[in-house]
Protein chains: 2
Amino acid sequence: MPVTLKDVAERAGVSPSAVSRTFTEGASVSARTRAKVERAAEELGYMPSALASALSTGRTKLIGLVSNNFHNPVFLEVFDRFTRGLQERGLRPLLVNLSDETDPANSVRMLRQYSADGVIVASSTLPPSFARAFADAGLPVVHAFGRATPTPEVHVVGIDNVECGRMAARALVACGYRRVAFLGGPASATSTQDRGAGFAGEIAQHPGITATESHAEAYSFEAGRAEMQRLLAAGKPAEAYFCGDDVLSIGALSALEDAGLSVPEDVGLIGFNDMEMAGWQNINLTTIRQPILEIISAAIDLVVTTADDPGLGPKARLFPCQTVERGTLRTPAAS
Amino acid sequence: MPVTLKDVAERAGVSPSAVSRTFTEGASVSARTRAKVERAAEELGYMPSALASALSTGRTKLIGLVSNNFHNPVFLEVFDRFTRGLQERGLRPLLVNLSDETDPANSVRMLRQYSADGVIVASSTLPPSFARAFADAGLPVVHAFGRATPTPEVHVVGIDNVECGRMAARALVACGYRRVAFLGGPASATSTQDRGAGFAGEIAQHPGITATESHAEAYSFEAGRAEMQRLLAAGKPAEAYFCGDDVLSIGALSALEDAGLSVPEDVGLIGFNDMEMAGWQNINLTTIRQPILEIISAAIDLVVTTADDPGLGPKARLFPCQTVERGTLRTPAAS
DNA sequence: GATTATTATGCAACCGATTGCACGCTTTCT
DNA sequence: AGAAAGCGTGCAATCGGTTGCATAATAATC
């Protein structure tokens, strides 16, 4: 039913090869045949089959976009940017949702079956081994928002979470808080581990300042809210909290307000991510901004590069973060 | 490099056909050959190429998931459910982001090139003609969250937005509000048009009650907030607002609070969608719930059915909505 | 204008599967 | 035991393109 290359060839009075070459960038075709072919194609409404083409060239232009973050609104922006970025480069995002799975095997299998040109794992919670499973299967992979080790197992594009933890600690110290705490995401998330470690490490440099740590069950508003409620019920909350993600901060904020505490007067709060909501006037969250756009753009570039030249060793590309001062920490002057 | 069917056949000492049949549901293979083939496949780590298979069967198991809603957090849940639902049925979501485009031509072309088995347009703002472009190109299509006309042009799964507008109106009337308003999304969104029409229609039944209408520029927090600020600045706000979406309500709520007005004492608010945040204690938004899960599940079923049997005429499947009473409308008793 | 270098084109094999058809073998029935 | 029916298997064509190679056509060179 659909128009094939052969149909076009027949109509244009040329060989199938000529037609194929007309649609292949940089192939050798004379202006006259090209014109004939293009006219015939136009008349017939021809459209090359990406499948057939992929079968012989080995390239599908399909990029697996693998994630388990379907509850953090920040990731809506992440998906938005990834899909647009990929589309702009003529690539197609094949979305893989592994909310239910912890084992990469299924995703690896399916992306290999479709012979995806590359894979982007977009998650701040998955361990490096997860992304490596794709690499082991021969798929070019980039872990966006992943953990960067000195000797990365796979390409990583993201931020230095340990340093970010330190930044948060410094911000709290600068404001004069003396009993601070880290309210992290799930303890299994690498991002939380690293941010927590950086935070604790920096605080340890300051004798007289104490830091505690606890964890929400997920990176979600509800979990942040529940954890803060637990902390409040347990009594004696810290003077200021570094939350592992803005969603946790905002959940915590709502718990604090419900408890009749005011921020930053009674309790200080610094978040992470600078999601859209953080800037709302009635939230106005002090937070640490990670450059999502740059990360995504770099991740796409890197996966494309790797697909073209699988040779190069794992690279970690980290972007600096920035503290965004708003209204949930008391001013240093007031300390 | 990768293991092919032929390799397995050779190793198992059978013909390629035998191997293919082993992996084809319901094909005729003897137990002995099947065992041989399975062992050989196992040893070689064979994995059928979805591309090659698609080329000969004509089925790719690829479903285009087309949307332009990448700024409303509700859609994160929508994507989550769609991807999981598709994966459970052995289908793969090929995500198409048309935030920038208003013309379906590009999406149609690319989904045809990949010969997607079907397309789901997930959007409450696109006109029916958009979805029809896919149908015209021969792609089975279902418009989820779309507008249902008496004689639909394509399959639609969603809700009766006009009736929802009436529900909202009834809720406001029941609370005794006399000057009400509809704060809709973009005027071009079909969902807003219909909700507004239902709302106005119902209010018109009640002499003495007046309704006005205005529009936010997008379905987003910021837009809702900005529009409410504009209304407040213009003076004399309505007694209660029906917002075309929870994100608008929550944006509006923040504008009201900033202005020192309290809800529901000074201004009543009813939203639409019942997104997760609507239930937060410090928001506690009265809203109208649309059954997202059922809609998504039905949309997937319908697109699969249509792919198997393209014959059947366009069908509209609508689900009832429900008013969720929380705390942003004054109680009827108090009227 | 003859000769060489270059560019265009077609042929045919191939990418990795599926499937209609024909044939051989085992069952089943009379 | 012989015929009819049924199952299992392999052959070969096909899905819709791509591409190396050989050759034909054109351009460049002297």
Tell me: CD of Gln113(B) to P of dG16(D), nearest whole Å?
15 Å
Report the C-alpha separation of Asp80(A) and Arg84(A) in whole Å, then their side-chain angles, then the decisive distance to 0.1 Å, and conclude whether the salt bridge (charged side-chain N to carboxylate O under 4.0 Å, His left out) test is met.
CA-CA 6 Å; Asp80(A) 183 27; Arg84(A) 282 157 76 163; 3.3 Å; yes
Please report the distance, rounded to the nearest Å, between NZ in Lys6(A) and C1' in dG17(D).
10 Å
dG10(D), OP1 or OP2 - any side-chain N/O from Ser15(B) closer than 4.0 Å?
yes
Do Arg21(B) and dG10(D) have a side chain to base donor-acceptor pair shorter than 3.5 Å?
yes
Which ring pair (Phe, Tyr, Trp, His ring centres under 6.0 Å) pairs, counting each pair once, include a residue from residues 290-316 of chain A, with sequence neighbours left out?
none
Take the protein atom CG of Asp7(A) and the nucleotide atom P of dG16(D), then report the distance between them rounded to whole Å.
9 Å
Where each residue is assigned the nucleotide of DNA chain D containing its nearest heavy atom, which of Leu51(A) and Ala18(B) is assigned the position nearer the 5′ end?
Ala18(B)
What contact category does Val19(A) fall into here, base, sugar-phosphate, or nothing, at under 4.0 angstrom with non-hydrogen atoms?
nothing
Counting only heavy atoms not in Lys61(A), do more than 12 fall under 6.0 Å of its NZ?
no
The first and last nucleotides of DNA chain C lying within contact of chain A, meaning any atom under 4.0 Å from one of its heavy atoms, run from dA8(C) to dG16(C)
Report which part of the nucleic acid Ser49(A) touches: base, sugar-phosphate, or nothing (heavy-atom distance under 4.0 Å, all strands).
sugar-phosphate
Give the rounded distance in Å between these two atoms: NZ of Lys36(B) and C1' of dT9(D).
11 Å
Return no unless some side-chain N or O of Thr33(B) is found under 4.0 Å from OP1 or OP2 of dT9(D).
yes
NZ/NE/NH1/NH2 to OD/OE distance under 4.0 Å, Glu38(B) and Arg34(B)
yes
What is the separation between atom CG on Leu55(A) and atom P on dG16(D), rounded to the nearest whole Å?
12 Å
Met47(A) atom CE is separated from dG17(D) atom P, nearest whole Å, by 11 Å
Nearest whole angstrom, please: distance from the C1' of dT9(D) to the CZ of Arg34(B).
14 Å
Heavy atoms only, 4.0 Å cut-off, all strands: where does Thr4(B) land among base, sugar-phosphate and nothing?
sugar-phosphate
Once you apply a heavy-atom cut-off of 4.0 Å, does Pro16(B) come out as touching a base, just sugar-phosphate, or nothing?
nothing
Suppose we call two aromatic rings close when their centres sit under 6.0 Å apart. Are Phe79(B) and Phe70(B) close by that rule?
yes
Without decimals, in angstroms, what is the distance between Leu5(A) CG and dG16(D) C1'?
7 Å
Does dT9(D) have OP1 or OP2 under 4.0 Å away from a side-chain N or O of Ser30(B)?
yes
Using 4.0 Å as the upper bound for N to carboxylate O, is an ion pair formed by Arg92(B) and Asp117(B)?
no
Among dT18(D), dG8(D), dG16(D), the one nearest any side-chain atom of Ser20(A) is dT18(D)
Donor-acceptor pairs under 3.5 angstrom involving side-chain atoms of residues 104-111 of chain A: please list them, not counting sequence neighbours.
{"unit_1": "Asn106(A)", "atom_1": "OD1", "unit_2": "Arg109(A)", "atom_2": "NH2", "d": "2.5"}
{"unit_1": "Asn106(A)", "atom_1": "ND2", "unit_2": "Glu101(A)", "atom_2": "OE1", "d": "3.0"}

Base, sugar-phosphate, or nothing for Phe23(B), non-hydrogen atoms under 4.0 angstrom?
nothing
Give a yes/no answer on whether the side chain of Ser56(B) brings an N or O atom under 4.0 Å of OP1 or OP2 in dT14(D).
no
If you count every heavy atom of other residues, nucleotides or ligands that lies below 6.0 Å from Arg39(A) atom CZ, does the total exceed 12?
no
